[in-house]
Amino acid sequence: MRDYQPKKNNPYELDPDLYKLMLGFIRNADKFRKSVEDNIYIPGVDFLKVGTGNSVRAFDDSIIERQAIVIAEKNTVVKAVDKSLEIIPEEYRRYILDNIILNAPLHRCEFADPRTLRRHKSRFIYKLAHELCYI
């Protein structure tokens, strides 16, 4: 059962659409992180377009604004994922992230019960929704 959210006795239960949105944010956090770091280049814009004489032609401000907003939103998601990940104990993080990103089974952890990992996963996703002001 992929992307199943425990419903019985779960104080961290979210709306199914919000739950899937948070899973999408977690799955794309590495892509967002790389995009924020590499996003100095803006496609289709030459920063040094030289006009006539010594004047430098200004590039389209709306492209820069849109790009800056996208970078800020991605950076917000990356920071929220990192901050939410802090509530999970260090030894469980790899297993929970593997379960979310790679859909790896939780029962492969030798030292923790899958119910414990599911509880921490629910807390993590709930905390992420809280950090991003969805709840």
Side-chain angles (χ1 to χ4, degrees):
M1 299 224 276
R2 184 174 173 186
D3 298 341
Y4 173 74
Q5 177 181 201
K7 294 181 178 34
K8 185 178 181 182
N9 244 355
N10 183 10
Y12 306 108
E13 184 178 352
L14 296 173
D15 180 61
D17 294 331
L18 180 60
Y19 184 77
K20 289 186 181 188
L21 179 67
M22 295 302 114
L23 290 177
F25 283 149
I26 296 166
R27 289 181 180 133
N28 291 318
D30 288 335
K31 293 176 192 171
F32 287 170
R33 185 175 288 114
K34 185 179 181 323
S35 174
V36 167
E37 291 169 357
D38 296 343
N39 219 346
I40 296 172
Y41 171 71
I42 299 174
V45 177
D46 290 331
F47 287 103
L48 298 175
K49 284 187 177 178
V50 179
T52 59
N54 293 334
S55 64
V56 176
R57 191 173 133 199
F59 40 86
D60 190 8
D61 289 338
S62 63
I63 293 173
I64 303 298
E65 281 181 23
R66 278 185 270 136
Q67 195 71 13
I69 290 170
V70 168
I71 292 170
E73 288 174 351
K74 288 180 179 180
N75 196 27
T76 302
V77 170
V78 168
K79 286 182 180 179
V81 169
D82 291 341
K83 188 171 181 183
S84 300
L85 202 56
E86 292 174 0
I87 66 166
I88 299 174
E90 184 71 37
E91 60 269 13
Y92 301 150
R93 288 181 191 171
R94 189 186 76 192
Y95 296 103
I96 291 172
L97 286 176
D98 284 351
N99 176 258
I100 294 171
I101 297 169
L102 305 173
N103 204 21
L106 288 174
H107 64 270
R108 68 184 180 90
C109 180
E110 304 85 28
F111 55 86
D113 189 56
R115 285 176 283 176
T116 303
L117 295 174
R118 276 195 288 281
R119 185 178 66 242
H120 285 297
K121 178 182 170 183
S122 294
R123 286 180 56 210
F124 168 52
I125 294 171
Y126 187 87
K127 174 76 171 169
L128 178 62
H130 182 72
E131 288 292 323
L132 292 174
C133 300
Y134 282 98
I135 54 171

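We count residues from 1, following the sequence as given.
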Test log, rule side-chain contact (heavy atoms from CB on, under 4.5 Å), inputs L97 and L85: CA-CA 9 Å; L97 286 176; L85 202 56; 3.8 Å; yes
Measuring from [X]:[atom1] to [Y]:[atom2], what's the distance to the nearest 0.5 Å?
X	Y	atom1	atom2	answer
Y92	L117	OH	CG	6.5 Å
R27	K20	CZ	NZ	9.5 Å
T76	I71	OG1	CD1	11.5 Å
I100	M22	CD1	CE	12.0 Å

Distance-only donor-acceptor hits, side chain of residues 125-135, under 3.5 Å, sequence neighbours excluded:
residue, atom, partner, partner atom, Å
K127, NZ, E131, OE2, 3.2

Tell me whether [X] contacts the main-chain N or O of [Y] through its side chain, where contact means a donor paired with an acceptor under 3.5 Å.
X	Y	answer
N28	G24	yes
S84	A80	yes
S122	R118	yes
R123	I88	no
N99	P105	no

Taking ring pair (Phe, Tyr, Trp, His ring centres under 6.0 Å) as the test, write out the residues that go with F124, two or more places apart.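 Result, ring pair (Phe, Tyr, Trp, His ring centres under 6.0 Å) vs F124: none returned.
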Listed partners of F25 passing ring pair (Phe, Tyr, Trp, His ring centres under 6.0 Å), at least two apart: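 Residues passing ring pair (Phe, Tyr, Trp, His ring centres under 6.0 Å) with F25: none at all.
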Would a 4.5 Å heavy-atom cut-off, applied to side chains only, mark N75 and F32 as touching?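 SC-SC contact between N75 and F32 ruled out.
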Sequence neighbours excluded, which residues qualify as side chain to side chain contact (heavy atoms under 4.5 Å, CB included) partners of A68?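 If we apply the side chain to side chain contact (heavy atoms under 4.5 Å, CB included) test to A68, skipping adjacent residues, there are no hits.
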Output all residues satisfying salt bridge (Lys or Arg N to Asp or Glu O under 4.0 Å) with R33, sequence neighbours left out; order by chain, then residue number.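 Partners of R33 under the salt bridge (Lys or Arg N to Asp or Glu O under 4.0 Å) test: D30, D82.
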Please name the pair of heavy atoms, one in H120 and one in I96, separated by the smallest distance, quoted to 0.1 Å.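 So the minimum-distance heavy-atom pair works out to CB-CD1, 3.5 Å.
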Measure across F111 and E91 and return the closest heavy-atom pair with its distance rounded to 0.1 Å.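 Taking every non-hydrogen atom into account, CZ-O, 3.4 Å.
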Test of understanding: with side chain to side chain donor-acceptor pair (under 3.5 Å), list the residues that count as partners of D98, not counting sequence neighbours.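 Counting only residues at least two positions away or on another chain, D98 forms a side chain to side chain donor-acceptor pair (under 3.5 Å) with R108.
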Is a salt bridge present between R93 and E90, judged by a nitrogen-to-oxygen distance below 4.0 Å?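 Counted as a salt bridge, because a side-chain N and a carboxylate O are separated by less than 4.0 Å.
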